[in-house]
Amino acid sequence: MPSLINRLNKNLSVLKPNSILEFNAEISQIDDIVHLTIGEPDFNTPNHVKQAAIRSIENNESHYTNPRGTIELRTAASQFLKAKYGLNYNPEDQLIITAGVTEAIYATLSTILNPGDKIILPTPIFPLYIPIMEFLGASPIYIDTSKTDFKLSKEKLKEALDENGESVKAVVLNFPNNPTGVTYTQTELEDLATVISKNDIFCISDEIYSELSYQHDHVSMGTILPEQTLVFNGVSKSHAMTGWRIGVIGGPATIINEVNKVHQFLITSATTNAQAAATEAFKNGLEDGPQMREAYAKRVAILEEGLGQLGFDYVKPDGAFYLFAKIPEQFTQDSFEFCRQLAHGAKVAVIPGSCFGPGGEGYVRISFAASEENIKTALNRIKSFLN
Ligand SMILES: Cc1ncc(COP(=O)(O)O)c(C=O)c1O
């Protein structure tokens, strides 16, 4: 009997189980636990968007589309990105519709990376970038941002670039950030752009939470450094459409043409009816994101007030739907153990900060994509737990 398990891709060993999902599964066994772990909107997809998908199915739109996405969706996405953030992407050759940002990450990293390459990753960050680049034989250069207000500074970026030279292929920015909720101003992005523009590197700018910016209008890196930036966006968070799996990559036509080759081999084209739904979301759903943002803003205010009263230190969330809270000093265990204890002792589920890379230890990620009632219940339970 041949042993095929030893004949697999050696790089599979870097694909460790997703620690966020594993932890969530572990503590979900606890009866009556309140989940503040969720990384997706708790709203339903807006009705007008659902109706567009139903019409698409009834019209027998059941065929492959152009690999880059239907021209209707690319046009709607281009107009949305222009109206919202002033981005200028020609729908013909500067946009690709992907199966969520997740596929955008894989297609883009496969397009730009060779084994031995490096990517600068300011952490804490959405962890998916790490296994994908390692699977492709590349490695991360972590810049721990916990000492610089959880923002990448131009000095640290320059230092990492100078130290690592030609091997660096890209820097990843993610703002508003998962897990810290921190975002960047125009001036901060311009500062980073002065460093990036002096190097032959890509700037991968994951702006999937762009519609959820609370303090100021979202500024896209694609408007500041268009020749070097690949912008990732989509409808997952803005229109509560995580399950529809529609993302967008925008960038220079020459690079987009190359990413499109990998993307075609991966999925041929995104699901046709989901594309119809996303077209409606981008075209007629300009207010969907802001409406949800209002609801999130109310929830985060409750959460901030409650945590403040309990004496928690936390990073003020300027965007997304996450609050990154420091574990109180009396708890000396690591973030996994603290979260386990909180789950069993208070029946409140949050995510250990160490899941998000260097700088995350000592913190927990609290998602406020949860009802006001659940947030209040969680705060009451944490209060009793601490007492
Ligand atoms: C920063 C960030 N990028 C990308 C994704 C994945 O997005 P999608 O659902 O469109 O694949 C997530 C999901 O949580 C995220 O937080």
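Atoms within each ligand, like the ligands themselves, are counted from 1 in listed order.
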Student: What do the steps show when you test Ile125 against Asn178 for side chain to side chain contact (heavy atoms under 4.5 Å, CB included), and what is the final call?
Tutor: CA-CA 6 Å; Ile125 198 170; Asn178 175 8; over 6 Å; no

Student: Please work out whether the ring planes of Phe368 and Tyr214 are parallel, tilted or perpendicular, with thresholds of 30° and 60°.
Tutor: tilted

Student: Looking at Asn47, I want to see if its CG is surrounded by more than 12 non-hydrogen atoms of other residues, nucleotides or ligands under 6.0 Å.
Tutor: yes

Student: Is it true that Asp117 and Lys169 have a side-chain N and a carboxylate O under 4.0 angstrom from each other?
Tutor: yes

Student: Enumerate the protein residues lying less than 4.0 Å from ligand 1, judged by heavy-atom distances, in chain and residue-number order.
Tutor: Gly39, Gly100, Val101, Thr102, Phe126, Asn174, Asn178, Asp206, Ile208, Tyr209, Ser236, Lys237, Arg245

Student: Working note: Asp288 + Arg293, criterion salt bridge (charged side-chain N to carboxylate O under 4.0 Å, His left out); need CA distance, chi angles, decisive distance, verdict.
Tutor: CA-CA 9 Å; Asp288 293 341; Arg293 179 170 66 216; over 6 Å; no

Student: How are the rings of Phe80 and Phe282 set relative to one another: parallel (under 30°), tilted (30 to 60°) or perpendicular (over 60°)?
Tutor: tilted

